[in-house]
Amino acid sequence: MGFMIWQRFLLFGFLVRVGGITLTSFSTHVQLEARVAKTQIKLNVHNKNNCSEMLRVPLPIPLHARVTRTSMSLLESDCNITGVVKHLDSAQADFLEAESEGRSAGLVTTAKISYDTMLFNIEILLSPLANTFLEIEYMEVLQRKNGQMKFQFPFLPGPGVSVVKSIINISNIGDDEVTFTPPLSSLDGVTSETSYSDVNERNFQLVLKTEAVLENTSIPAVIRCAFKTPPLSNDGLVIVDNSGGVGYSFNPPSVSSDSIKRNILFVIDTSGSMKGARLAAAKKSFRALMPLISIEDNIGVTSFAANGIEESIGPFIGSSENKELAENFVQSLSAQGGTNLAEAITDGFEVLKSMSVDTNAINIFLILSDGHASVGEKNPSNIAMAASESNSFGAHVFALAISSDADLPLLLAISLENKGVALRVYDSDEDDIAAQIQELVSGEFGNVLLQDISLQLEAEGADYDVVTDTRSILASGSELNLYAQRIGNIGQSHRLSLTATGITGIGKSVSHNVMVDLVATDFGPVPVSGPNVQIVDSSIISYAFAIKKIEDLMTRYMALTANNSVSEASRILEIARETAINKNIVWEGLTALILQEDENCRKALQGVKQCAQAIQKGTEGNFDETIEEKASGGGYNDLGYIPKFRPELAGGPPSNAEPEDSEKDSHKNSLSSGEIIGIALGVLFIVTVGLVIKAKNRGKTVSEVLESSQSNRPDGSSCNTLPHQSDMYLTVTNATEI
């Protein structure tokens, strides 16, 4: 270890002296209007070496955002590099070919790292002495949840950067103030300017700036924003784009007064793997969820491990006294033993069925687990079938899969068959896991307004492919969405009818409808009648449709995998991949975006010699590790420079870390005597070499010095600087989790 510290310090000394590949500037511009957030990111990267070099930039972006444009231009030349989405293996092969030839190229892969964030792994390969601007544009259709509109933007890249600037514009924000996580006042070294303009529409602008950001900064990589929005009008909102895409959002205020009674059974995994932060988070989130329970609700709690249901309390009404009893019960739970998922689920349904007295009440089965079945029935297909057979009374299953260890395909299969949703809760510390659970639960069934909801689209004179929310209940402050894509001639005039139906808390059927006439023009179909219609001058709804379709296909793929339907799962996977390629969408495990040079670039780079060491992958770290194993721990993980992606936790290890973790961090941040000696030797060596070079080159011109340094390299390569070790820019690629 002492030698490794000495080696890195030596390399760093040379890089500071003569330069290398650097990220000069990073800027973000977000424009939010009519529920569409458009983000433009520009990176300026400069390779000061005369051999090809690589820089890896991890860029966290919103989960449902998708890139709509990429470009990479080499300054002072006619070399333009454009991006195209390909099969993941094909894109990686193209990038490796460019790497072997020393040509400029870019590769973008993705990995989901939290419930609302994915990571863009950007690899930028530059030819000798190249200076480039990489521009990425992505768009997202925002969705109201818990009465708020939320979005996020990447503030810092992974590597150090000289200048950072972000501009956020929100049109027609209403009366509410925009809140930020973390608060802007907590961002050390960052200047911020906020302003509100135009009294009638009240537009908002934020400008953030900072300089000389180091790789291990405590400033968060992501900043989250939120502002309150009123409910939609009774019939909902229709958004039409210029590529035949139609979106329909529904959450009318007229049904907000009659909330539906709930029978809720909490089924909590207490097997041995839940010990520590995971069970602590379950306890903390349960306490935080109790205010959402009213005296009209019935609740019950069970724990499960090797014997199926181990302990239980309830069911009883949600009075203050009973909620306190339930909370004390959960706080007393301990973790040990194996995981008997099959009996926990079937026995849990029996408990929930006994609670189902009021026919107008909604039955909710909420299971929280972090593992696979290890005791009893272990076959996922048999467990899923048994769950469906046990649910003869129409309960909604909501499953929370904690960490990558949980059997998400099985939980997805069960929830799909039982009118619910399965969601990944990403491993972190106790507070972070609890925050994820609270937001997910409150957004899905915090205060249920309608059940048995159906969203439908009918078209006269046109054909559409339609995808809708799989959820059949609507919670207060949230909304359901339908997306459709016109098939065939998108310019033809036609009429659309969009309808939402559901059942209220008193068993009353409701129906809401929007009629839209679309007339053909030179600029595409334009709505000429119908209230609550917005037009966007982009293909964003078509992208939203494709994203939702791929999500549904991947959910089916995982459910089929759980049921051992291998051939059908493979067929669905290829349909998802084809959809992503056709829509130019980068999707984890399916596709990647490759930026390749045009013919002008090839001519300009003829005869370029590559320094192999400059871009070789480092020997430390496993490039096949999943991103959440490497990127969930913020500034103290193996990547070193990646701040925490949940910004409220950025800046260091959790204060409530377990003793062994604290000891590791303490050891990690201290230097052994060997390391101290290594650093001292590195300093001495750099000073000595500097004096020798200065004496040797006294009186020579710069070109003479460079020529001399080239001829003296033992490998005969033409680099003027020592190559970078890639672990200085290390990030994880080829993440395999889908």
Tell me the closest heavy-atom pair linking Arg424 and Ala406, and the distance in Å.
NH1-O, 3.9 Å
Lys/Arg-Asp/Glu bridge criterion (N-O < 4.0 Å) met for Arg577, Glu574
yes
Counting only heavy atoms from other residues, nucleotides and ligands, does the tally under 6.0 Å from CE of Met290 exceed 12?
yes
Donor + acceptor pair across side chains of Asp269, Ser271 (<3.5 Å):
yes
Min side-chain heavy-atom separation Val467-Phe545 under 4.5 Å
yes
Does any donor atom in the side chain of Asn564 or Ser381 lie under 3.5 Å from an acceptor atom in the other side chain?
no
For Ala434, does its backbone N or O pair with a side-chain atom of Lys284 as donor and acceptor, under 3.5 Å?
no
Asn360 and Ile260, any side-chain heavy atoms less than 4.5 Å apart:
no
Kindly say whether Ile585 contributes a backbone atom to a donor-acceptor pair with the side chain of Thr591 at under 3.5 angstrom?
yes
Donor-acceptor pair, Glu588 side chain versus Lys112 backbone, under 3.5 Å?
yes
Gap between atom NZ of Lys548 and atom CG of Leu482 - 0.5 Å precision:
10.0 Å
Run the side chain to side chain contact (heavy atoms under 4.5 Å, CB included) test on Thr110 and Leu119 for me, step by step, so that the C-alpha distance in whole Å, both residues' side-chain angles and the decisive distance to 0.1 Å come before the verdict.
CA-CA 5 Å; Thr110 63; Leu119 190 72; over 6 Å; no
Determine whether more than 12 heavy atoms belonging to other residues, nucleotides or ligands lie under 6.0 Å from atom CD of Gln336.
no
Closest approach of Leu408 to Ala401 (non-hydrogen atoms, all atoms of both residues)
CD1-CB, 4.0 Å
Nearest heavy-atom pair of Gln152 and Val222: which atoms, and what distance?
OE1-CG1, 3.6 Å
Under the 3.5 angstrom rule, does the side chain of Glu377 hit a backbone N or O of Asn379 as a donor-acceptor pair?
yes
I need the minimum non-hydrogen distance between Trp587 and Met554, along with the two atoms involved.
NE1-CG, 3.9 Å
So, does Asp241 use its side chain to make a donor-acceptor pair with the main chain of Ser542 at under 3.5 Å?
yes
CD of Glu568: more than 12 outside heavy atoms within 6.0 angstrom?
yes
Heavy-atom pair of closest approach, residues Ser511 and Thr499:
OG-CG2, 3.8 Å
Decide side chain to side chain contact (heavy atoms under 4.5 Å, CB included) for Met385 and Glu389; before the verdict, give the C-alpha distance in whole Å, the side-chain angles of both, and the deciding distance to 0.1 Å.
CA-CA 6 Å; Met385 187 180 301; Glu389 292 173 352; 3.7 Å; yes
I'd like to check Tyr248 versus Leu457 (side-chain heavy atoms, cut-off strictly below 4.5 Å). Are they in contact?
no
Heavy-atom check, side chain of Tyr483 versus side chain of Thr468, under 4.5 Å:
no
Short side-chain donor-acceptor distance under 3.5 Å, Arg278 and Ser369
no
Side-chain (Asp407) to main-chain (His372) donor-acceptor, under 3.5 angstrom:
no
Phe365 ring center within less than 6.0 Å of His396 ring center
no
Side chain to side chain donor-acceptor pair (under 3.5 Å) with Asn481: which residues, sequence neighbours excluded?
Gln143, Ser249
Before giving the answer on side chain to side chain contact (heavy atoms under 4.5 Å, CB included), spell out for Leu590 and Leu573 the whole-Å C-alpha distance, their side-chain angles and the decisive distance to 0.1 Å.
CA-CA 8 Å; Leu590 296 180; Leu573 185 67; 3.5 Å; yes
Once rounded to the nearest 0.5 Å, what's the spacing between atom CG of Leu368 and atom CG of Leu423?
11.0 Å
Any heavy-atom pair between the side chains of Tyr464 and Gln485 that's under 4.5 Å?
no
Rounded to the nearest 0.5 Å, the CG atom of Leu480 sits from the CG atom of Leu474 at a distance of 5.0 Å
Check whether any side-chain heavy atom of Asp347 lies under 4.5 Å from a side-chain heavy atom of Phe304, and answer yes or no.
no
Pair Glu311, Thr302: side-chain N/O donor-acceptor within cut-off below 3.5 Å:
no
Ser565 (side chain) donor-acceptor with Thr561 (main chain) under 3.5 angstrom
no
Rounded to the nearest 0.5 Å, how far does CD1 of Ile268 lie from CZ of Phe329?
7.5 Å
Is the side chain of Asn307 donor-acceptor paired with the backbone N or O of Glu310 at a distance under 3.5 Å, no angle test?
no
Does the side chain of Ser273 come under 3.5 Å of the side chain of Asp405 through a donor N or O and an acceptor N or O?
no
Tell me, with the steps shown, if Leu366 and Leu400 meet side chain to side chain contact (heavy atoms under 4.5 Å, CB included).
CA-CA 8 Å; Leu366 175 62; Leu400 299 178; 4.1 Å; yes
May I ask you to say whether Asp465 pairs ionically with Lys549, meaning some side-chain N is under 4.0 Å from a carboxylate O?
yes
Between the side chains of Ser319 and Asn322, does any donor sit under 3.5 Å from an acceptor?
yes
In terms of side-chain geometry, is the basic nitrogen of Arg556 or Asp552 positioned less than 4.0 Å from the acidic oxygen of its partner?
no
Return the minimal non-hydrogen interatomic distance between Ala592 and Leu88, and the atom names on each side.
CB-CD1, 3.7 Å
Basic-acidic side-chain contact under 4.0 Å: Glu327, Arg287:
yes
Among Arg262, Lys323, Lys261, the one residue meeting side chain to side chain donor-acceptor pair (under 3.5 Å) with Asp297:
Arg262
Mark yes when over 12 heavy atoms from residues, nucleotides or ligands other than Glu578 sit less than 6.0 Å from its CD; otherwise mark no.
no
Tell me whether Asn584 contacts the main-chain N or O of Ala580 through its side chain, where contact means a donor paired with an acceptor under 3.5 Å.
no
Could you tell me if the side chain of Val246 sits less than 4.5 Å from the side chain of Ile239, heavy atoms only?
no
I need the Asn263 CG to Ile364 CD1 distance, nearest 0.5 Å.
8.5 Å
With side chains defined as the heavy atoms from C-beta onward, is the minimum distance between Thr117 and Arg224 less than 4.5 Å?
yes
Name the orientation class of the two ring planes belonging to Phe286 and Phe266 (parallel below 30°, tilted from 30 to 60°, perpendicular beyond 60°).
perpendicular
Distance (rounded to the nearest 0.5 Å) between Asn391 CG and Thr346 OG1:
12.0 Å
Side-chain donor-acceptor contact under 3.5 Å, Asp370 with Ser403
no
Would Arg35 and Glu479 pass as an ion pair if we require N to O under 4.0 Å?
yes
